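Read the structure below first, then the notes.
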Amino acid sequence: MLEIENLTVEIEGREILHDLSLNVMTGYTTVLFGPNGSGKSTLLMTIMGFSGYKVKSGRILLNGEDITHLPVNERAKRGIGMMMQRPPNLTGVRLKDLVRVTSKGNVDTEKVAEELDMARFLERDVNVGFSGGEIKRSEILQLTAQDPCLILLDEPESGVDMVSIEKLGVKVHDLLTGPTHCAGWREKSGKAALIITHTGQILDYVEADRGYVMCNGTVACSGNPRELLAEIRKMGYQECIRCKINQANLIKENIVSEG
Amino acid sequence: MVSNEEKRARDALKKEAKFGEDIDLDAYHEGRRDIAEVESMEDLPEDTRTTMLDSGITPSGKGRSGNFLLMDNSVVHSAIMGEGVELMPLRQALKVHDWLKDYVWKAVQPDTDKYTAETYLQKADGYFIRALPGAKVKMPVQTCLLLKNRNTKQYVHNVLIAEEGSEFEVVTGCATTKGVEKGLHLGISEFFMKKNSKLTFTMVHNWSEFIGVRPRTSVIMDEGTTYINNYVALKPVKTIQTYPTAHMNGPNGVCRFNTVAVAHPGGVLDLGSRAILNAPGCKAELISRTITTGGTVIARGQLIGNSPGIKAHLECKGLILSDKGVQIAIPELEARVPDVEMTHEAAVGKIAQDQVEYLMSRGLTEEEAVGMIVRGFLDVGIRGIPDHLKAEIEKTLKETDVRGS
Ligand SMILES: Nc1ncnc2c1ncn2[C@@H]1O[C@H](COP(=O)(O)OP(=O)(O)O)[C@@H](O)[C@H]1O
Ligand SMILES: [Mg+2]
């Protein structure tokens, strides 16, 4: 499982995540809500280990191992795989070649591409001229080829049209429920996932177990994902923030009264 | 009697070229002109045949319309297998075709610089290729220019004529045989394309660390012609300076130059391509993809628009894979009439870290990720290359050390 302990992260000298803690249990799908700019993507990018996301304090533990400072590919090797919100263009690199290398021959990528209606994209350069929805489908294809055990998805449904979302949702479901193959992960416990969703649409396709709401670079609250979503839909994120402020005040009061 | 042309050439013997390090021509022996002919290229020693294969040349001649092999300054093999095309040594062709004298030294001037001057005065031999009127030559003609002995200077003079309505393909492999570390190659190429002809010309340079190379190429294009030039130089070389130029003199001509090159430590590649669009409706595209693993690349490109209604694009992109490497991109656009569409795009820099990490997040090591991105970068430049050459070039690309130093 993944444990984030008191993580503080800077981008270009500016603190974006503040003392953030959360857990993603093996076999559980966890969703991350939060308004734009609250730091959701930053958290996922930091877990994957991209440069530019500087951990100032705190730790990231994967199955008990401290991976806070491991290179990106070492994290991939340990079973983490990610769908980025805005992956870069790889001019000259064909999607076909990338998924072939990624799958190491273990996955029938042509079949998966067919199922995602992406077969004709295999000859194209990765992400070059792809629409928002095409990027998402290409990322799911790549992830299926990679077959990770901890799956990080950054807004998998955004930009995807109504027809494609069905196909995408099914593939995300397959990805989350397939057998685990990663070293150090218990086969029978299944995979773990941390999914950022803005609209909550993806919850129609995956069985989510736990939800977190992020605000201003830290976790505001957590709970049953469907209940959280219902509340956010009804009252917006303002309510979460207010609730967080109230909590903080409560803690302060406690400290004051204790002192 | 000394002709005016000859006098001009003599006067130019010390004339330095506009670009590129000046090479001392006296530091090399003249290449032999008496190397024995070979019956078949398959009779050549194995390492020579391997060198040829690496340069896109098939020693068996299978799938080719013609074979031509120059070693140092001797034509050792010239054979025609297909139909619709003529191929022979230029010196012989000048005897066969009286009219040919109206073509030689008309596209390239003998007094351009010391290299053209010396090649002129040496009455260099080379290939003469002519596609007959209307001929659609199915298989490519292959020509191979080999430096066989150390310290040699090789002079080459090629003339190619695409007669009206002809379509064909030429592959040229230039290389050194094993053990020839030092040498000089001077090559004049004059191409004449008649109305509605079509030519794909691919040149693979496969030299070695201490070789100097000074090709001088001009293509004269008539109405409705299509010229595609592919140039590939992936192996180490000391110095190359070249600036092939298409003179698009007839309306609705199309030309495309694709350049793919790697500058290894100690090497200087000064690679240009130029299209002069002199007639309405002409289109030109100059694409270059270069990387340095420690050497210097100067990627030049020039588009000159002299006629309304033309369209041209120039693109130089360079990757720097080593702290010692240098990339210089010099794109030039020159419009002499208002109604033209000319654009350029130039970019040099190191490989993008976000791209490397994206691939690493899929499990590739850093080295694998860099290799994949670099190959992709160069691949854009070789997409126009004929399929039968692609496998060979991709193989060389895989073997090319792109880790930098
Ligand atoms: N590369 C970056 N450079 C500078 N600031 C960034 C960068 N990436 C994110 N940020 C900032 O970090 C904050 C959190 O962004 P992000 O993690 O993308 O939020 P979310 O995904 O929740 O919308 C924002 O204020 C954003 O502007
Ligand atoms: Mg985001």
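In this text the structure is predicted, and so the values were computed from the model without any measurement. Letters A, B, ... are given to chains in the order of the sequence lines, protein chains preceding strands, and every chain is numbered from 1.
With 2.5 angstrom as the limit on SG-SG distance, A/Cys149 and A/Cys182 come in below it.
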* Could you please spell out the steps behind the side-chain hydrogen bond (donor to acceptor under 3.5 Å, both in side chains) verdict for B/Gln353 and B/Glu357? => CA-CA 6 Å; B/Gln353 186 63 19; B/Glu357 288 182 358; 3.1 Å; yes
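By number of non-hydrogen pairs under 4.5 angstrom with chain A, the leading residue of B/Val356, B/Leu364, B/Ile373, B/Val380 is B/Leu364. Put simply, of B/Gly376, B/Gly363, B/Ala369, B/Ala352, the one with the most heavy-atom pairs under 4.5 Å next to chain A is B/Gly376. For the set A/Leu90, A/Ile80, A/Asp97, the count of heavy-atom pairs under 4.5 angstrom toward chain B peaks at A/Leu90.
Distance check: B/Phe201 CZ to B/Tyr227 OH gives 5.5 Å after rounding to the nearest 0.5 Å. The distance from the CG atom of A/Asn23 to the CG atom of A/Leu61 is 9.0 Å, given to the nearest 0.5 Å.
Only the side chain of A/Val101 comes within less than 4.5 Å of a heavy atom of chain B; its backbone N, CA, C and O stay farther away. With a threshold of 4.5 angstrom between heavy atoms, B/Tyr358 approaches chain A through its backbone and through its side chain. For chain A, no part of B/Arg289 is nearby; none of its heavy atoms comes within less than 4.5 Å. For chain B, the nearby part of A/Met48 is the side chain; its heavy atoms alone come within less than 4.5 Å.
In this structure, the side chains of B/Leu321 and B/Val374 come closer than 4.5 Å at one or more pairs of heavy atoms. In this structure, B/Met139 and B/Glu169 have side chains that are not in contact, with every pair of non-hydrogen atoms separated by 4.5 Å or more. With a 4.5 Å cut-off on side-chain heavy atoms, B/Ile240 and B/His205 count as touching.
Heavy-atom neighbours of chain B within the stretch residues 124-141 of chain A, taken at a separation under 4.5 angstrom, comprise A/Asp125, A/Val126, A/Asn127, A/Glu139.
Ion pairing between a basic and an acidic side chain is recognised when a charged N comes within 4.0 Å of a carboxylate O; A/Glu10 and A/Lys54 show no such pairing.
Without hydrogens or angle criteria, A/Arg78 side chain to A/Glu74 main chain gives a donor-acceptor distance under 3.5 Å.
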